[in-house]
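Heads up: the structure comes next, in structure tokens.
Counting starts at 1 for both ligands and their atoms, following the listed order.
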Amino acid sequence: MFLHDKFGRAITDLRISITDRCNYKCVYCRTGNEGALYGDLDFDDYLRMARVLVGMGVTKIRLTGGEPLLRNGVVDFVRELAKLRPQGLKPHSDSGSNGTAEAVPFQNQDADPLDIALTTNGHLLADLAQLLKDAGLTRVTVSMDAVDPDRFARITRVPNGYDHVLAGIRAARRAGLWPLKVNCVLMRGFNEDQIIPFGMFAREEGVTVRFIEFMPLEEGRTWSPNTVVTLDEILARMAEYRPLVEIPHARSETARRYRFDDGVGEIGIIAPVSHPFCGHCSRIRITSDGKIRTCLFSIWDHDLHAQMRQGASDEELAEFICGVVARKEERHHIGEPDFVPASRTMVHIGG
Ligand code: SAM
């Protein structure tokens, strides 16, 4: 039996933000003024949280931030995470009355390794890719919002970043961090003309390029429906370059997947605004300061680290987590009249 919310969704994916510091100031994310608001925890604390959650059915862990590669010790942390083995909850005859599973975490040392992924802006990846792979990282997603150095600098507000990121992508590929995904947030007025160049990039570099619809999670509060470049628009634009064929995707996968008609190059589109996928959400997040967030758009978070500070046992932490997951939001309300902005912006949540 696995950790379920009251809508019957199994929680199998955990994202841990290991810092809310970032060395980029992407226009759709940061104003650049706030810096690290919440700070971060010792890796031992994240490791304990991960161990309890893996014992409750989590099979995938993604490290994120802020920029996770800014944290010294990230390679050793990956090595420790890689020792965890996925396992569901111990079968129990009596499920909780709120529909959640009983909290009896345990590990099965014979199980397959965890899927450990990383989302990074890639700036520091070139030197770390092989070390991360050797430590047990399975795969990496690099954020890159233009395939043109000048445009890249305008979006990230960092000069000369482009070459570092490209070197990071190539080092990750050489290291065998596979599948290698490149995430591009499209924002009207900044980079919608990059759609076809990214199609070419996917084919030339052998990476999966995934376009993400801009969500209202930025510090600058500049989002409006007009700034979103939608899935339909991306598909229409790409079709001017080459026809795309849709590939079946797993229900819990965030991206719709496409390959070009000649089989060379894969494109993904993550469309939380125009085609929400909340009904299949399998994620919870832990922020850099140890709070659980059950939705990107949550207006509250749940202080797991405070439970640890107060001396909770692993079983008590698991009970706390079950209670939190029971309150996971059904869906987001982007673009609706009753939309309330999330209580944190993306850089302080961990995307
Ligand atoms: N620093 C790392 C990076 O750049 O990938 C990890 C953190 S970043 C917050 C994680 C992901 O969130 C990135 O792919 C980024 O492009 C995406 N993101 C940030 N703000 C966003 C927004 N307002 N809408 C959609 N995606 C956003």
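Contacts classified as side chain to side chain donor-acceptor pair (under 3.5 Å) and involving residues 154-171 (residues at least two apart or in different chains) are given here: Arg170-Glu205.
By the ring-ring contact (aromatic ring centres under 6.0 Å, His included) test, Tyr38 pairs with His348, sequence neighbours left out. Remark: His305 engages no residue in a ring-ring contact (aromatic ring centres under 6.0 Å, His included) (not counting sequence neighbours).
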As a test of reading the model: which N/O atoms of the protein lie under 3.5 Å from N/O atoms of ligand 1, and at what distance?
unit_1   : atom_1 : unit_2 : atom_2 : d
ligand 1 : 1 (N)  : Gly66  : O      : 2.8
ligand 1 : 1 (N)  : Glu67  : OE1    : 3.0
ligand 1 : 4 (O)  : Ser143 : OG     : 3.4
ligand 1 : 5 (O)  : Thr120 : O      : 3.4
ligand 1 : 5 (O)  : Ser143 : OG     : 2.5
ligand 1 : 14 (O) : Ser143 : OG     : 2.8
ligand 1 : 16 (O) : Tyr28  : OH     : 3.1
ligand 1 : 23 (N) : Tyr28  : O      : 3.0
ligand 1 : 23 (N) : Met215 : O      : 2.9
ligand 1 : 24 (N) : Met215 : N      : 3.0

Run the salt bridge (Lys or Arg N to Asp or Glu O under 4.0 Å) check on Arg237 and Asp193 step by step: do they pass?
CA-CA 9 Å; Arg237 187 84 184 105; Asp193 61 344; over 6 Å; no
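No side-chain N or O of Thr345 forms a donor-acceptor pair with one of Glu218 less than 3.5 Å apart.
Counting heavy-atom neighbours within 6.0 Å of Asp127 CG, excluding the residue itself, gives a total of 12 or less.
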